[in-house]
Amino acid sequence: MKKSFGSIVAYAVFGASPWTFAASASDDIIYTPATAEIVITAERRSQFLQNVPVSVTALTAADIEKSRLESVAELQQSVPGLSITKAAPGQTQIFIRGIGTDIVGPGLEDAVPVYMDGVYQSRASGTAMQFVDVDRVEILKGPQGVLYGRNATGGAINIISRAPTWEQSGQFDVQGGSHNQKMVRGTVSGPLSYGSTIGRLSFLHNQNDGDTRNILLNVTGNSSEVNALRGTLEFLPNDMLSVTVHAHYYHDNDHPIMKPLYPALNPLFTHFGATAISDPRIVMQNQQSAMSHTQSGIDVKTEWDLESKRLTSITAINKTDDRNGSADLDGTEIPLMKVGSQTTGAGIREITNFFSQEFTLVSSDHSPLAWTGLLSYNHQKVDAPEYNVSLPLLNLTQNSVAIVSTDSIGAGGQATYSWTNGVRLTVGARYSTETKNLEKDLTYANGMLTGSKTDKKTWSSVTPKFVVDYSPDRNNMFYASATKGFKSGGYNTISIQPAFAPETAINYEVGLKSKLFDDSLQLNLAAFYTRYNDMQLSILQNNAGVFALAIQNAAQAVSKGMEASFVANPTSRLELSGGLQFLEARFTNFVSIDPRYPTLGAQNFGGNPLSRAPDTTLNLATQYTWPLEHGSFTLRGEGYYRSKVYYTPFRDDYASGDALSLWNVLLSYKPYGKSGLYGSFFVKNLADKTYAKTIFDPPGLGYLAYYASGRTIGAQVGYRY
């Protein structure tokens, strides 16, 4: 059960995880060496990773544990080309190869969707959740136009939870660390009735006091508390039918803090006398931030074995409730702008009810022609009853109310024909149609209605896929592909404006997957070129002398680059792995007003780099294992590097992050066999680097940043049986 950073890096391009899984006849998980064949389900069927002509990175449960990854947001240090930043309290922005969504709101979705056990997670807050009993994570790179085609212009992330086991098993562990972290986890699994029903139940409690202090209110910031529960039942009435039920509950409370930057450029400091504090962990704010995210849901997966085919149905209902009760939006003690009404105290709230139904029909692998068909339907209603921002200094309140309903239908499939000479041809297509109904969109100033809008729009698209691959022998595969992705239009619900249109991406890619030196080295290479059209961006507009932010299809761009990843086992105890991406993601046409210089009017910023798209990202890891009488110790070192990154599309050096390198060290112990004590000790951000996770530049408020944690130290101990 040894893993390598290669799962993280070597998989960065095409997936090459050092320790991954294969399903046995009893569906137990067996861990295999890094260079052994890995089974993934990125194309809706179980396949060996090295046989799939798709850029996909897979991190197994062992990978996640060895690197102490706690959430989707922490994956970026393990996957070159993946960038995850904080969009707002409790929400994340995911970018793959420079393509993602720069804006969040009730009227639109991400460009990199996240799936949990095959269920689409429709809100950005759902992507920020911590991992609970996860078996593996698959990161698909590039537009996913067919099998994961809804709003997937950048790629997709699939999270698969651990399945119940026929054998009674369980594990419990506790973890403590920096900032008074206290984490308790547990899982039990086993049969519930002989031969027909098995179950699994997991829980998580994770809290910390945060690393920031508000000295004005004498409170801590960036603290959080997470409580989660997840259960699975699997019914096997006969050899032809299985029914799996997942139910989950997740709740977190968070107190994020934005830090103001560059006082000399901020009028709150230069004109209003706000207190400048150089320490990034100390703030002086007159408003304590407080937000929460609650999600619950249930999904039922039914699989029928039809001899030469397999039919799968996934039915899911999900509800999220996101509340941002208060936040200091200017980041100072000056009462200029905050979340929350001066009169009612209401902040920002979003309630989402989601239903989905999906059918897939998959052929067997016993003939030259293999095919997959898909039909899906999603219905979502987002009720945003509160969006209150007040400006106490100006005695002004601004708020909005909105309800957006979405109905999405997708139908498509792909077929692969294999010739005996090692050549395969894959052709696929998907038809997507999405209807958004803006039932109510109202804006107010000081309680008076200033604008209203109701509207309904439908957008449709056909997204094709073509792939040809050639395997001259069992150790090498060359492939070339062309795919298209589609992301529907939507609405800006905090400003009355027309609907914005869809965006599309077309990706051309060539790649190689290989195993060398008697399978002791796994090497994957890829080169890609993506043309991105009608990008949905938040831009500044001049309406009769009044400047306001609007969401428009404002730009075209090209993202091109090369990726490489490897996993090597020079000896049975030593493992080396790494991944590298060179990226050139640039606007080819982008006409907008620079919020720093609004009087200059609209300009074309073609040639500027895309947001959150560093030119170079690199991952390296090495680990060495010492066998003992009853178990083994593994010492692991991880390194991550990214070049300079911009957080706005205007090549603004003040809203950028310098080149960054991070190092982690981890020491773990695991017993031989299925039972015994295990534990780990780890240090993340070993050099205690101070850096921003993201930077904002709201007009008139200077620059604000969410800072990442400095050096964190932790230890874990647990028992499994």
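- Around atom NZ of Lys560, no more than 12 heavy atoms belonging to other residues, nucleotides or ligands sit under 6.0 Å away.
- We find that Arg45 and Asp365 are joined by a salt bridge, their nearest charged nitrogen and carboxylate oxygen being less than 4.0 Å apart.
- The shortest side-chain heavy-atom distance between Lys670 and Ser632 falls under the 4.5 Å cut-off.
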Q.
Assess the residue pair Arg636 and Thr634 against the criterion (side chain to side chain donor-acceptor pair (under 3.5 Å)); give the C-alpha distance rounded to whole Å, side-chain angles, the decisive distance to 0.1 Å, and a yes or no.
A. CA-CA 6 Å; Arg636 178 179 179 80; Thr634 298; over 6 Å; no
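- In terms of heavy-atom proximity, Ile695 sits nearest to Ala692 at CG1-CB, 3.9 Å.
- In terms of heavy atoms, Val146 sits closest to Ala429 at CG2-N, 3.8 Å.
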Q: Go through the steps for Phe650 and Phe590 under the test ring-ring contact (aromatic ring centres under 6.0 Å, His included), then give the verdict.
A: CA-CA 10 Å; Phe650 300 102; Phe590 174 38; 5.7 Å; yes
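- Side-chain contact, Ser122 with Arg150: no donor N or O sits under 3.5 Å from an acceptor N or O.
- In this structure, Thr617 contributes its side chain and Gly81 its backbone to a donor-acceptor pair below 3.5 Å.
- Under the 4.0 Å criterion applied to side-chain N and carboxylate O atoms, Arg474 and Asp519 are assigned as salt-bridge partners.
- Between the side chain of Asn476 and the backbone N or O of Leu512, no donor-acceptor pair lies under 3.5 Å.
- In this structure, the side chains of Leu521 and Val567 stay at 4.5 Å or more apart for every pair of heavy atoms.
- Using the six-membered ring where Trp is involved, Tyr508 and Tyr529 have ring planes that are tilted, between 30° and 60° apart.
- The distance from atom CG of Leu666 to atom CD of Glu65, rounded to the nearest 0.5 Å, is 11.0 Å.
- Annotation: salt bridge (Lys or Arg N to Asp or Glu O under 4.0 Å) contacts involving residues 520-533, sequence neighbours excluded, are absent.
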Q: Applying salt bridge (Lys or Arg N to Asp or Glu O under 4.0 Å), run through Glu358 and Arg44 and close with a yes or a no.
A: CA-CA 12 Å; Glu358 180 179 277; Arg44 306 278 185 168; 2.6 Å; yes
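- Salt-bridge check for Arg136 with Glu138: passed, with a basic side-chain N closer than 4.0 Å to an acidic carboxylate O.
- Applying the 6.0 Å contact sphere to CZ of Phe517 captures no more than 12 heavy atoms from other residues, nucleotides or ligands.
- No side-chain heavy atom of Leu610 sits less than 4.5 Å from a side-chain heavy atom of Phe95.
- With sequence neighbours excluded, the residues that form a side-chain hydrogen bond (donor to acceptor under 3.5 Å, both in side chains) with Asn151 are Tyr120.
- Using a 4.5 Å heavy-atom cutoff, the side chains of Phe486 and Glu503 are not in contact.
- Taking OH of Tyr641 as the reference point, atom CD of Gln77 lies at 14.5 Å (rounded to 0.5 Å).
- Using a 4.0 Å cut-off between charged side-chain N and carboxylate O, Arg68 and Glu74 make no salt bridge.
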Q: Go through the steps to decide whether Phe605 and Phe587 satisfy the test ring-ring contact (aromatic ring centres under 6.0 Å, His included), and finish with yes or no.
A: CA-CA 7 Å; Phe605 295 95; Phe587 291 104; 8.7 Å; no
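- Inspection of the Tyr479 and Glu509 side chains reveals an N or O donor paired with an N or O acceptor under 3.5 Å.
- Considering only heavy atoms from C-beta on, Asn619 stays 4.5 Å or farther from Val79 through its side chain.
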Q: Walk me through it: do Thr530 and Ile99 pass the test side chain to side chain contact (heavy atoms under 4.5 Å, CB included)?
A: CA-CA 9 Å; Thr530 307; Ile99 297 178; 3.6 Å; yes
Q | Derivation of the side chain to side chain contact (heavy atoms under 4.5 Å, CB included) call for Asn158 and Val137 | A | CA-CA 6 Å; Asn158 301 328; Val137 180; over 6 Å; no
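- Classified by interplanar angle (parallel below 30°, tilted 30° to 60°, perpendicular above 60°), the ring pair Tyr148/Tyr115 is perpendicular.
- Residues Thr416 and Thr426 bring a donor and an acceptor atom of their side chains to less than 3.5 Å of each other.
- For Arg424 and Tyr417, the positive end is not near the middle of the six-membered ring at less than 6.0 Å and at most 45° from its axis.
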Q.
As a quick check of understanding, evaluate side chain to side chain donor-acceptor pair (under 3.5 Å) for Glu638 and Ser67, giving each step before the final call.
A. CA-CA 8 Å; Glu638 301 177 345; Ser67 294; 2.5 Å; yes
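- Between the side chain of Thr153 and the backbone N or O of Lys487 there is no donor-acceptor pair closer than 3.5 Å.
- Gln130 and Asn206 share a side-chain donor-acceptor pair at under 3.5 Å.
- Here the side chains of Asp133 and Arg162 are in contact, with some heavy-atom distance below 4.5 Å.
- Summarising the geometry of Gln93 relative to Thr101, their closest heavy-atom pair is NE2-O, 3.5 Å, with the distance given to 0.1 Å.
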Q.
Before you tell me yes or no, could you show the steps for Glu70 and Lys684 under salt bridge (Lys or Arg N to Asp or Glu O under 4.0 Å), namely the whole-Å CA-CA distance, both residues' side-chain angles and the distance that decides it to 0.1 Å?
A. CA-CA 12 Å; Glu70 294 185 3; Lys684 292 189 175 183; 5.7 Å; no
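- We find the CG-CD distance between Leu574 and Gln623 to be 8.5 Å, quoted to the nearest 0.5 Å.
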Q: Would you sort out whether Arg586 and Asp615 count as a salt bridge (Lys or Arg N to Asp or Glu O under 4.0 Å), showing the intermediate values?
A: CA-CA 10 Å; Arg586 302 289 187 266; Asp615 289 345; 3.4 Å; yes
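- Scanning for ring pair (Phe, Tyr, Trp, His ring centres under 6.0 Å) contacts around Trp663 gives an empty result, with sequence neighbours left out.
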Q: Please lay out, stage by stage, how Glu109 and Arg123 fare under the test salt bridge (Lys or Arg N to Asp or Glu O under 4.0 Å).
A: CA-CA 7 Å; Glu109 287 81 35; Arg123 310 308 301 150; 3.7 Å; yes
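- Inter-residue side-chain proximity for Tyr691 and Asp658 is flagged as unmet; no heavy-atom pair is nearer than 4.5 Å.
- Side-chain contact between Arg651 and Pro609: present, with at least one pair of heavy atoms (C-beta onward) separated by less than 4.5 Å.
- Of the possible polar contacts, none joining the Gln556 side chain to the Asn533 backbone as a donor-acceptor pair under 3.5 Å is found.
- When every heavy atom of Ser559 is checked against every heavy atom of Arg97, the shortest pair comes out as OG-O, 2.6 Å.
- Distance check: Arg642 CZ to Thr616 OG1 gives 11.5 Å after rounding to the nearest 0.5 Å.
- A donor and an acceptor atom, one from each side chain of Asn685 and Asn664, are nowhere located under 3.5 Å apart.
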